[in-house]
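Take a look at the structure set out below.
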Amino acid sequence: MDKLLGLLADGQFHSGEELGEHLGVSRAAVWKKLKTLEELGLALDSVRGKGYRLGSGIELLDSVKVQSYLDADVDSKVDVHTCFITESTNDLVRAQGAASGGVTRFCLAEHQTSGRGRRGRIWASPFGSTVSLSALWQNGEGTASLEGLSLAVGLAVVKALETLGARDLKLKWPNDVLWQGKKLCGVLLEVYGDPTGECEVVIGMGINVRLSEEQLKSIGQPAVDLFRVCDKSVSRNAVAGQLINTLTHLLDGFGQGGFRLFREQWCEYDAFRGKEVTLMASTRSVTGRCMGVDEQGGLLLETSSGIHVFNGGEVSLRQS
Ligand code: ATP
């Protein structure tokens with residue numbers, strides 16, 4: 001499959017025969033593989049007499065192109081790996097392990113077969129339609145120092161997408177990026193290691209770049225893509241590059257001063273400040289008015305019994 005995609009990546013037409021010759025398989029076998037790719041969400045043009053090519057407007061990820069969008073001070077600090085299909089970019093970056101010399105490792109995929117959200121929920125990443133990006137960050141200060149990191153990552157995503165023309169983006173605590181109440185991006189942080197010392201933080205994010213109406217409708221909640229937000233095509237390689245820029249700067253800053261440094265900016269994008277919301281845990285829910293977040297990234301909720309602080313983990317926020 002990787003070889004086939006490698007051949008199609010040039011955007012030109014290729015006949016079934018030519019593809020079969022390169023891959024050492026029959027035309028029928030090529031056709032079967034192309035069908036599988038279409039089932040994964042890849043749009044293909046097929047024209048009688050010419051063959052197959054990537055659907056118009058599809059831009060595959062390319063680490064060299066991603067690197068061309070990196071800021072000069074970021075370029076030397078990151079290692080960028082792209083692949084076509086993987087189970088989960090969070091798992092992939094973790095399996096690749098930490099890079100040496102203070103370099104942060106980033107992995108991107110065209111499609112995740114088991115992309116996940118919080119608490120095992122499914123994250124949809126149709127082939128070539130999203131930017132699924134994960135970073136591996138090593139931190140020697142223990143898990144307490146990571147409080148608020150997932151909120152700060154949401155902010156880094158907003159900043160990256162703003163450089164590409166997105167406007168009116170909002171953050172839903174703890175870290176979803178919304179546009180007009182629809183979800184544009186999700187973030188999943190996973191922490192491994194010593195709660196009091198050396199730990200590995202896997203920072204995963206999925207940004208919808210361009211999905212079909214049907215793909216958006218099949219997601220279990222209102223969702224949107226960058227194409228609709230910006231009212232124009234946006235390069236996936238540029239999205240990836242800008243995300244790596246803002247995330248690298250964020251991790252530098254977060255390592256120095258934690259979420260405290262980002263709290264004020266986060267509050268500027270808060271989708272629910274002053275609004276009535278319901279916080280849901282697995283067995284109970286509580287309703288109140290959103291009062292922003294504290295310096296550790298905890299949500300401040302005003303209820304009839306006063307202001308209470310809630311931390312991420314098992315809690316989900318919904319507008320009442
Ligand atoms: P929470 O408020 O707890 O974060 P959430 O429902 O947004 O709730 P996440 O774990 O952040 O949960 O994300 C998973 C959910 O996001 C899925 O259950 C689905 O509703 C939605 N989702 C899945 N794929 C996409 C996508 N590509 N774009 C937008 N939303 C998606």
Side-chain angles (χ1 to χ4, degrees), residues 40-42 86-91 108-134 148-155 157-158 161 166 169-191 202-230 234 236 239-240 243 266 269-272 275 277-288 290 293 297-299 301 310-320:
L40 294 177
L42 180 67
T86 190
E87 284 186 10
S88 141
T89 52
N90 268 21
D91 295 346
L108 291 143
E110 298 290 356
H111 172 62
Q112 303 178 95
T113 53
S114 307
R116 57 183 182 268
R118 300 204 299 156
R119 282 171 273 158
R121 286 185 287 241
I122 290 171
W123 184 262
S125 56
F127 195 102
S129 307
T130 69
V131 168
S132 300
L133 171 74
S134 297
L149 177 60
S150 81
L151 282 79
V153 170
L155 182 65
V157 174
V158 166
L161 301 183
L169 300 178
K170 299 277 178 211
L171 286 161
K172 187 194 95 170
W173 183 88
N175 53 28
D176 286 354
V177 179
L178 306 180
W179 181 79
Q180 298 188 356
K182 299 173 198 161
K183 190 158 166 172
L184 174 65
C185 161
V187 172
L188 177 69
L189 251 68
E190 296 172 312
V191 181
V202 179
I203 303 168
M205 58 193 75
I207 291 95
N208 296 330
V209 179
R210 188 162 184 178
L211 280 74
S212 68
E213 280 296 332
E214 299 83 71
Q215 286 167 338
L216 287 171
K217 278 197 190 123
S218 69
I219 292 169
Q221 60 176 292
V224 71
D225 62 9
L226 263 185
F227 177 73
R228 289 163 174 85
V229 170
C230 298
V234 180
R236 292 171 70 230
V239 172
L243 285 170
W266 195 94
Y269 292 94
D270 187 349
F272 294 107
K275 294 188 179 152
V277 299
T278 301
L279 282 187
M280 298 186 306
S282 51
T283 52
R284 62 189 198 108
S285 66
V286 48
T287 299
C290 244
V293 294
L299 180 82
L301 191 73
F310 291 85
N311 291 300
E314 299 299 296
V315 192
S316 290
L317 180 152
R318 296 288 179 268
Q319 184 151 23
S320 297

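Because only heavy atoms are used, hydrogens play no part in the values below, and waters and symmetry mates are left out as well, while side chains stay in. Order of appearance sets the numbers: ligands from 1, and atoms from 1 within every ligand.
Annotation: side-chain hydrogen bond (donor to acceptor under 3.5 Å, both in side chains) contacts of Glu213 (sequence neighbours excluded): Arg228. Under the side-chain hydrogen bond (donor to acceptor under 3.5 Å, both in side chains) criterion, Asn208 pairs with no residue at all, not counting sequence neighbours. Considering only residues two or more places apart in sequence or on other chains, Glu214 meets the salt bridge (Lys or Arg N to Asp or Glu O under 4.0 Å) condition with none of them.
The two atoms that bring Leu169 and Val158 nearest to each other are CD1-O, 4.1 Å, heavy atoms only. When all heavy atoms of Asp225 and Leu184 are compared, the pair lying nearest together is C-CD1, 3.6 Å.
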Show the distances, to 0.1 Å, for all pairs joining an N/O atom of ligand 1 and a protein N/O atom that are shorter than 3.5 Å, listing one pair per line.
unit_1, atom_1, unit_2, atom_2, d
ligand 1, 2 (O), Lys172, NZ, 2.8
ligand 1, 2 (O), Arg318, NH1, 3.0
ligand 1, 3 (O), Arg118, NH2, 2.8
ligand 1, 3 (O), Arg121, NH2, 2.9
ligand 1, 3 (O), Ser316, OG, 2.5
ligand 1, 4 (O), Arg118, NE, 3.4
ligand 1, 6 (O), Gln221, NE2, 3.2
ligand 1, 6 (O), Arg318, NH2, 3.2
ligand 1, 7 (O), Asp176, OD2, 3.0
ligand 1, 7 (O), Lys183, NZ, 2.5
ligand 1, 7 (O), Gln221, NE2, 3.2
ligand 1, 8 (O), Arg121, NH2, 3.4
ligand 1, 8 (O), Arg318, NH2, 3.3
ligand 1, 10 (O), Arg118, N, 2.5
ligand 1, 10 (O), Arg121, NE, 3.4
ligand 1, 11 (O), Lys183, NZ, 3.0
ligand 1, 12 (O), Arg121, NE, 3.2
ligand 1, 12 (O), Arg121, NH2, 3.2
ligand 1, 13 (O), Lys183, NZ, 3.0
ligand 1, 16 (O), Lys183, NZ, 3.2
ligand 1, 16 (O), Gln221, NE2, 3.3
ligand 1, 20 (O), Gln221, NE2, 3.0
ligand 1, 24 (N), Ala124, N, 2.9
ligand 1, 27 (N), Ala124, O, 2.9
ligand 1, 27 (N), Asn208, OD1, 3.0
ligand 1, 28 (N), Asn208, ND2, 2.8

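Annotation: the span from Glu110 atom CD to Arg236 atom CZ amounts to 4.0 Å, rounded to 0.5 Å.
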